[in-house]
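Please read the structure below before turning to the comments.
First the proteins, then the strands, lettered A, B, ... as listed; each starts at 1. Note that the structure is predicted; figures quoted are calculated from it, not measured.
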2 protein chains.
Amino acid sequence: MATKTAVTEKRYRIGEFATKTGLSGPTLRYYEKEGLVKPHRSDNGLRYYTDADASWIKFLLHLKGTGMTIEQLKQYVAWRAEGDATITKRLQLLKNVRRGFLQEFEELQHSMTILNDKIDWYQGKVDGHISDNEGFANYLASLNHEE
Amino acid sequence: MATKTAVTEKRYRIGEFATKTGLSGPTLRYYEKEGLVKPHRSDNGLRYYTDADASWIKFLLHLKGTGMTIEQLKQYVAWRAEGDATITKRLQLLKNVRRGFLQEFEELQHSMTILNDKIDWYQGKVDGHISDNEGFANYLASLNHEE
DNA sequence: ACATTAGTTAAAGTCGACTTTAACTCATAG
DNA sequence: CTATGAGTTAAAGTCGACTTTAACTAATGT
């Protein structure tokens, strides 16, 4: 059996960790106050974070990126702290998040289409492909993007 | 030459228009105050909106959906009011918006991947495909989604 | 030793995007 | 003709997610 090699893990103080994660120091403290992350303390009382904390933060930021609010993240973290008994709850929460996200995603794609059409229309005007008095509504109707 | 048939266009009062656009009355007044929309007034002084206003609002909401702030929308509207001389500015603005949006879109897709992986992992735990003590980091590493 | 730079806390402030309130007037069905 | 439901305004309030401030202590380079 392999023996545990006691490689002391790297300790990041809040400034370095902020740079590493792309968050600000105050934001890290704010997340801590909200219970989203629990940094450790050195003997002198200063916070330190590890690479594991960085992975955790990254994951949280991805969840946040999918539209979860801080409150939802707190709920998730609270359930996680309760252990395996809450796994189905967490699974359900994440599935709900995914549902909302997919919905939002479709709307984003539609908005992207409209934005592209508008850009094409302006480009056409600038390049002189579209007559000076053709409105965007007409132009849109000339494409087949129904609402 | 065809004569103009004076079909009186439908007038929506703010309540009906709010329902139509999915915005609230106060939000419509707020957008008006910010100069994003200019409803008309009946003789009695009440606002009314037309179908053209509805199209305009929809378009604005699509722009907003791509990440434009109210301030950016105000800038866009201001340039629009200045006429054709600002077309290249507007085109440039929309292209910038698109650039940012595409960037954001990629991040969203990555977050979606992570979310899906996490859901699969939980599902595996619930279904017993994943051993009780396999962490998510290990599981992630077992997939080939590099950061 | 001492000047910088980084970290500590709690509390207050900011910002964007609305929402709510207050004190009105207008519209309309019975 | 009056009760009830929209609409009017300006101003204040809310909410989420931070950010800034103040008043301090710890760490570090010269």
Side-chain angles (χ1 to χ4, degrees), chain A residues 10-50 53 57-78 97 100-101 104 107 111, chain B residues 10-50 53 57-78 97 100-101 104 107 111:
Chain A
K10 169 128 212 243
R11 293 177 170 200
Y12 303 89
R13 296 206 327 218
I14 197 165
E16 192 183 0
F17 194 70
T19 307
K20 188 177 171 67
T21 57
L23 298 173
S24 71
T27 298
L28 284 168
R29 293 191 193 97
Y30 165 66
Y31 281 2
E32 178 180 355
K33 199 179 55 166
E34 297 302 316
L36 299 185
V37 60
K38 288 196 216 323
H40 323 272
R41 297 284 177 154
S42 325
D43 296 344
N44 51 35
L46 299 193
R47 284 175 186 79
Y48 72 87
Y49 300 79
T50 66
D53 295 322
I57 292 270
K58 271 189 190 173
F59 173 61
L60 278 189
L61 291 179
H62 279 302
L63 290 187
K64 189 160 172 297
T66 63
M68 281 179 80
T69 63
I70 300 289
E71 282 307 307
Q72 286 179 300
L73 291 173
K74 281 169 77 168
Q75 173 67 89
Y76 178 80
V77 170
V97 167
F101 185 56
E104 173 66 12
E107 284 163 25
S111 289
Chain B
K10 168 126 212 242
R11 295 177 170 201
Y12 302 89
R13 294 203 330 216
I14 196 166
E16 191 183 2
F17 194 71
T19 307
K20 188 177 170 66
T21 56
L23 299 174
S24 71
T27 298
L28 284 167
R29 294 192 192 95
Y30 166 66
Y31 281 1
E32 179 180 356
K33 200 179 54 169
E34 296 303 316
L36 299 185
V37 60
K38 288 197 217 320
H40 324 271
R41 298 283 177 154
S42 324
D43 296 344
N44 52 35
L46 300 192
R47 282 174 186 80
Y48 72 87
Y49 300 81
T50 67
D53 295 321
I57 291 271
K58 271 189 190 174
F59 173 61
L60 278 188
L61 292 180
H62 278 303
L63 290 187
K64 190 160 171 296
T66 62
M68 282 179 79
T69 63
I70 300 289
E71 282 309 306
Q72 285 178 302
L73 290 173
K74 281 169 76 168
Q75 174 66 89
Y76 178 80
V77 171
V97 167
F101 186 55
E104 173 67 13
E107 284 164 24
S111 290

| message | If I compare all heavy atoms of A:S24 with all of A:A18, which pair ends up nearest, and what's the gap? | response | C-CB, 4.0 Å

| said: Between A:E32 and A:R29, does any NZ, NE, NH1 or NH2 come within less than 4.0 Å of an OD or OE carboxylate oxygen? | reply: no

| query | Within the structure shown, what part of the strands sits under 4.0 Å from A:K64 by heavy-atom distance: base, sugar-phosphate, or nothing? | reply | sugar-phosphate

| task | Could you label the plane-to-plane angle of the A:Y12 and A:F17 rings as parallel, tilted or perpendicular, counting under 30° as parallel and over 60° as perpendicular? | result | tilted

| field | B:K38, NZ: over 12 other non-hydrogen atoms inside 6.0 angstrom | value | no

| If you pin A:G45 and A:K33 to their nearest nucleotides in DNA chain C, which one's is more 5'? | A:G45

| field | B:L61 side chain near B:L23 side chain, heavy-atom distance below 4.5 Å | value | yes

| request: Nearest-nucleotide wise, let me know which of B:R13 and B:S24 is further upstream toward the 5' end of DNA chain C. | output: B:S24

| query | If you look at every strand shown and take non-hydrogen atoms under 4.0 Å, does A:F17 touch a base, only sugar-phosphate, or nothing? | reply | nothing

| So which one's nearest nucleotide on DNA chain D is more toward 5', A:L46 or A:Y31? | A:Y31

| field | Test side-chain contact (heavy atoms from CB on, under 4.5 Å) applied to A:I70 and A:L36, step by step | value | CA-CA 8 Å; A:I70 300 289; A:L36 299 185; 4.2 Å; yes

| Hey, are the side chains of B:D53 and B:H40 touching, using non-hydrogen atoms and a 4.5 Å cut-off? | yes

| message | Does any part of the side chain of B:Y49, heavy atoms only, come nearer than 4.5 Å to the side chain of B:L28, both counted from C-beta? | response | yes

Between the protein and nucleotides 1-3 of chain D, which nitrogen or oxygen pairs are less than 3.5 angstrom apart?
none

| request: Determine the contact category for B:R29: base if any of its heavy atoms lies under 4.0 Å from a base atom, sugar-phosphate if only primed atoms, P, OP1 or OP2 are that close, otherwise nothing. | output: base

| Between which nucleotides of DNA chain C, 5' to 3', does chain B make heavy-atom contacts below 4.0 Å? | C:dA17 to C:dA27

| message | If the threshold is 4.0 Å, N to carboxylate O, is there a salt bridge linking A:E16 and A:R13? | response | no

| remark: Note: for A:N44 and A:Y30 on DNA chain D, the residue whose nearest nucleotide lies more 5' is A:Y30

| What is the distance, rounded to the nearest whole Å, between atom OH of B:Y49 and atom C1' of D:dT8? | 12 Å

